[in-house]
Q: 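So that we are looking at the same thing, I have put the structure below in C-alpha cells.
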Amino acid sequence: MKVIRGRKALVTGAASGIGRGIALALAQEGADVFLWDVNEDGLASVAEEIRAIGVHVDLARVDLTVPTEITAAVLSLRERFGSIDILVNNAGVAFYGPTHSMTSSQWNWLMGINLLAPIQITRELLPTLLERPEAHIVNVCSISGLVAGGRFAAYHTSKFGLIGFSEALRAEYGRRGLGVTALCPGPVLTNLYRQCATGQEGKVVPHPPDWLCTTVDAIASRAIKAIRKNQRMPLVGPLAHLLWNAKWLAPGLLDFLNHFRRKKPTRFSDDRSTKVESRRAA
C-alpha cells in the first residue's frame with residue numbers, strides 16, 4: 001500500500017500501549033481511524049488526540065470475549081462507513097504462571113481475545129477488504145509466537161497460532177492483492193510486567209532489562225513500514241532479533257538452557273491458586 005492518506009483503518013485494543021501508538025501513527029499518515037477497546041476512558045482520550053491531528057475518528061466499546069459483540073460491531077462499521085482498508089488486530093492479554101495452575105476459564109479468556117477474536121474479525125471483514133485495492137491486515141503477534149519460554153504457555157500458544165493464521169492468509173490471498181503482516185515485537189516498555197500479578201505475595205513477574213526492550217513508537221513506525229512494503233514478518237527490538245537468530249543458528253541452545261539444572265520430580269499438585277491476568281499493551 002503506497003498511499004495511506006485517505007484510507008480507513010480499524011485498530012483493536014486501541015485505548016493504550018501498542019494499539020494507541022499504531023492508531024496515532026496511522027492518523028499522522030492521514031488515515032481515518034476506528035478504535036475498538038473495552039476501556040472507554042482510554043478510547044475517549046486517544047480519540048481526542050486523533051481529532052487534534054485532523055482526521056476522522058470513531059470509537060466503540062467492544063468486548064472481544066463475546067463473539068456476538070464482535071459481529072454487531074463489524075456490521076455497524078460496515079453500515080456506517082462502508083469499507084475498510086487496513087485492519088490491525090492488536091488487542092491481547094497475558095497470563096504468567098505455571099501452566100497446570102491455569103483454569104479452563106483463564107485459557108478460554110486468553111485464547112478468545114488473542115486468537116479467536118482476530119480470526120473472527122478478519123473473517124467477517126474479508127469480503128470488504130478484498131474489494132479494496134491494496135488492503136492490508138496487520139496482526140500484532142510477538143517474538144513469543146516464534147520462541148517459547150516457561151510460564152507463558154497460553155500466551156505462546158495464542159501467538160504461535162496468530163502467526164500461522166497470518167501466513168495462511170498471506171498464502172491464500174496474496175495474489176488477490178491483500179497484504180498480510182505478522183508483526184513480531186520483543187518485550188516492550190509498557191506496564192505489562194509491572195501490572196502482572198503472580199498469585200504469590202511479594203513475587204513479581206521477571207522483567208527484561210530496559211536496554212533489551214523496544215518502544216511503542218518503534219513498533220508503530222515498523223507497522224507503518226510493513227503496511228507500505230507488505231512485509232511478511234518484521235521483528236522489532238533487540239531481544240526479538242537475538243532470540244530468533246539463536247533459535248535458527250543454534251536450535252539446541254535455548255532447549256538446553258530451559259533444561260539446565262533440571263529439578264527432581266515433585267508430587268504434582270492441582271493447586272490452581274496462581275491467577276494472573278494482564279492486558280498487553282505487545
Q: Establish whether Phe81 and Leu125 are linked, either directly or via other cluster members, by ILVMFWY side-chain heavy-atom contacts under 4.5 Å.
A: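 Both belong to a single hydrophobic cluster.
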Q: Going by the rule side-chain contact (heavy atoms from CB on, under 4.5 Å), which residues pair with Thr128 if we only count those two or more places apart in sequence or in a different chain?
A: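 Per chain and number, Thr128 pairs via side-chain contact (heavy atoms from CB on, under 4.5 Å) with Arg78, Ser83, Ile84.
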Q: Applying salt bridge (charged side-chain N to carboxylate O under 4.0 Å, His left out), name anything that partners Glu134, two or more places apart in sequence or on another chain.
A: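 Expected list: Arg7.
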Q: Does one hydrophobic cluster hold both Val66 and Leu35, with members joined at side-chain heavy-atom distances below 4.5 Å?
A: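 Looking at the clustering, Leu35 is in a separate group from Val66.
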Q: Can you tell me how far the CG atom of Leu242 sits from the CG atom of Leu212, to the nearest 0.5 Å?
A: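 Result: 7.0 Å between the selected atoms.
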Q: Quick one: salt bridge (charged side-chain N to carboxylate O under 4.0 Å, His left out) pairs with a partner in residues 169-186, sequence neighbours left out?
A: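 Every candidate salt bridge (charged side-chain N to carboxylate O under 4.0 Å, His left out) pair involving residues 169-186 fails, so no pair, neighbours aside, qualifies.
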Q: Locate the shortest heavy-atom distance separating Ala25 from Ile224; write the atom from each residue and the value.
A: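 Shortest heavy-atom separation between Ala25 and Ile224 comes out as CB-CG1, 3.9 Å.
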Q: For a quick test of reading the model, state the closest non-hydrogen atom pair linking Val93 to Tyr155 and the distance between them.
A: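 The answer is O-CD1, 3.3 Å.
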Q: Check whether the side chains of Ser16 and Asn39 place a donor and an acceptor atom closer than 3.5 Å, and report yes or no.
A: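 Note: Ser16 and Asn39 side chains miss the donor-acceptor criterion.
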Q: Grab the two heavy atoms, one from Ser158 and one from Met111, that are nearest each other, plus how far apart they are.
A: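 So the minimum-distance heavy-atom pair works out to CB-SD, 3.8 Å.
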Q: Hydrophobic clustering (ILVMFWY, side-chain heavy atoms < 4.5 Å, transitive) - are Trp109 and Leu116 grouped together?
A: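 In one cluster: no.
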Q: How long is the span from the OG atom in Ser144 to the CD1 atom in Ile163, to the nearest 0.5 Å?
A: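 Taking OG in Ser144 and CD1 in Ile163, the distance rounds to 9.0 Å.
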Q: Find out if a path of hydrophobic residues (ILVMFWY) with successive side-chain heavy-atom gaps under 4.5 Å connects Val3 to Met1.
A: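 They do not share one cluster, since no chain of ILVMFWY contacts under 4.5 Å joins Val3 to Met1.
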Q: Could you go through the side chain to side chain contact (heavy atoms under 4.5 Å, CB included) check for Arg151 and Phe95 one step at a time?
A: CA-CA 8 Å; Arg151 293 177 177 259; Phe95 178 100; over 6 Å; no
Q: Would you check if the side chain of His56 reaches a backbone N or O of Asp32 as a donor-acceptor pair within less than 3.5 Å?
A: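 Side chain of His56 to backbone of Asp32, a donor-acceptor pair under 3.5 Å: no, none is there.
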Q: Should Ile227 and Val55 be counted in the same cluster of Ile, Leu, Val, Met, Phe, Trp and Tyr side chains packed under 4.5 Å apart?
A: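 Yes, Ile227 and Val55 fall within the same hydrophobic cluster.
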Q: Taking side-chain contact (heavy atoms from CB on, under 4.5 Å) as the test, write out the residues that go with Ala135, two or more places apart.
A: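 By the side-chain contact (heavy atoms from CB on, under 4.5 Å) rule, Ala135 matches Leu129, Arg132, Leu178.
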Q: Could you work out, with side-chain contact (heavy atoms from CB on, under 4.5 Å) as the rule, every residue matching Glu40, not counting sequence neighbours?
A: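 Residues passing side-chain contact (heavy atoms from CB on, under 4.5 Å) with Glu40: Arg61.
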Q: Under 3.5 Å, which donor-acceptor pairs link side chains of residues 179-188 to any protein atom two or more places apart or in another chain?
A:
residue	atom	partner	partner atom	Å
Thr181	OG1	His136	NE2	2.8
Thr181	OG1	Gln231	O	2.6

Q: Dump the intermediate steps for side chain to side chain contact (heavy atoms under 4.5 Å, CB included) on Leu75 and Leu77, then the final yes or no.
A: CA-CA 5 Å; Leu75 288 174; Leu77 181 66; over 6 Å; no
Q: Quick one: does Trp244's side chain get under 4.5 Å of Met233's, heavy atoms only?
A: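 They are in side-chain contact.
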Q: Could you tell me whether the side chain of Asn89 reaches within less than 4.5 Å of the side chain of Leu87, counting heavy atoms only?
A: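 In short, these two side chains touch, coming nearer than 4.5 Å.
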Q: With a 4.5 Å heavy-atom cut-off, do Ile22 and Val216 have their side chains touching?
A: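 No; the side chains remain at least 4.5 Å from each other.
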Q: Can a donor-acceptor pair be found between the side chains of Asn139 and Ser166 at a distance below 3.5 Å?
A: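 Judged by distance alone, the side chains do pair up.
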Q: For Leu24 and Ile53, what are the C-alpha separation, side-chain angles and deciding distance, and is it a side chain to side chain contact (heavy atoms under 4.5 Å, CB included)?
A: CA-CA 9 Å; Leu24 287 170; Ile53 295 172; 4.2 Å; yes
Q: Which pair of heavy atoms, one from Leu64 and one from Ala91, lies closest together, and at what distance?
A: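 It is CD1-CB, 3.5 Å.
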Q: With a 4.5 Å limit on heavy-atom distance, are the side chains of Lys8 and Ile86 in contact?
A: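 Answer no - side chains too far apart.
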Q: Tell me every residue that passes ring-ring contact (aromatic ring centres under 6.0 Å, His included) with His241, counting only those two or more places apart in sequence or in another chain.
A: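 Expected list: none.
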Q: How far apart are the closest heavy atoms of Phe165 and Pro118, and which atoms are they?
A: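 Heavy-atom minimum between the residues: CE2-O, 4.2 Å.
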Q: Would the distance check show the side chain of Glu48 and the main-chain N or O of Ser45 forming a donor-acceptor pair, the cut-off being under 3.5 Å?
A: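 No: the side chain of Glu48 does not pair with the backbone of Ser45.
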Q: For Arg123, give me all partners under salt bridge (charged side-chain N to carboxylate O under 4.0 Å, His left out), at least two apart in sequence or on another chain.
A: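 Scan of Arg123 (salt bridge (charged side-chain N to carboxylate O under 4.0 Å, His left out), adjacent residues dropped) gives none.
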Q: Find the distance between CD1 (Ile137) and CG (Leu126) and round it off to the nearest 0.5 Å.
A: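 Reported value, rounded in 0.5 Å steps: 5.5 Å.
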Q: Search all heavy atoms of Leu235 against all heavy atoms of Ala240 and return the closest pair with its distance.
A: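 Closest approach of Leu235 to Ala240, heavy atoms only: CD1-O, 4.0 Å.
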Q: Do Thr215 and Asp217 have side-chain N/O donor and acceptor atoms under 3.5 Å apart?
A: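 Short answer, no.
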Q: Under the salt bridge (charged side-chain N to carboxylate O under 4.0 Å, His left out) test, which residues partner Glu49, sequence neighbours left out?
A: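 Testing Glu49 for salt bridge (charged side-chain N to carboxylate O under 4.0 Å, His left out), a comparison that skips the adjacent residues, returns Arg20.
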Q: How long is the straight-line distance from CG of Leu162 back to CD1 of Ile119, given to the nearest 0.5 Å?
A: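 Nearest 0.5 Å value for the CD1-CG distance: 7.5 Å.
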Q: Does Val147 have any side-chain contact (heavy atoms from CB on, under 4.5 Å) partners at least two apart in sequence or in another chain, and if so, which?
A: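 For Val147, the residues satisfying side-chain contact (heavy atoms from CB on, under 4.5 Å) (neighbours in sequence not counted) are Ile143, Leu243, Lys247, Leu254.
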Q: Could you state the interatomic distance from CH2 (Trp36) to CG (Asn90), rounded to the nearest 0.5 Å?
A: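 Reported value, rounded in 0.5 Å steps: 13.5 Å.
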Q: For the atom pair CD1 (Ile121) and CD1 (Ile70), what is the distance rounded to the nearest 0.5 Å?
A: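 Ile121 atom CD1 to Ile70 atom CD1 measures 5.0 Å (nearest 0.5 Å).
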Q: Run the ring-ring contact (aromatic ring centres under 6.0 Å, His included) test against Trp211 and tell me which residues pass, sequence neighbours left out.
A: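 In terms of ring-ring contact (aromatic ring centres under 6.0 Å, His included), with neighbours along the sequence ignored, Trp211 is linked to no residue.
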Q: Side chains of Thr71 and Gln120: is there a donor and an acceptor less than 3.5 Å apart?
A: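 Yes - a donor-acceptor pair under 3.5 Å links their side chains.
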Q: By salt bridge (charged side-chain N to carboxylate O under 4.0 Å, His left out), which residues pair with Glu29, not counting sequence neighbours?
A: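 Here the qualifying residues are Arg228.
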Q: Going by heavy atoms in the side chains, are Val11 and Phe34 under 4.5 Å from each other?
A: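 No, every pair of side-chain atoms sits at 4.5 Å or beyond.
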Q: Main chain of Ala153, side chain of Thr157: is a donor-acceptor contact present, judged purely on distance under 3.5 Å?
A: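 Side chain of Thr157 to backbone of Ala153, a donor-acceptor pair under 3.5 Å: yes, one is there.
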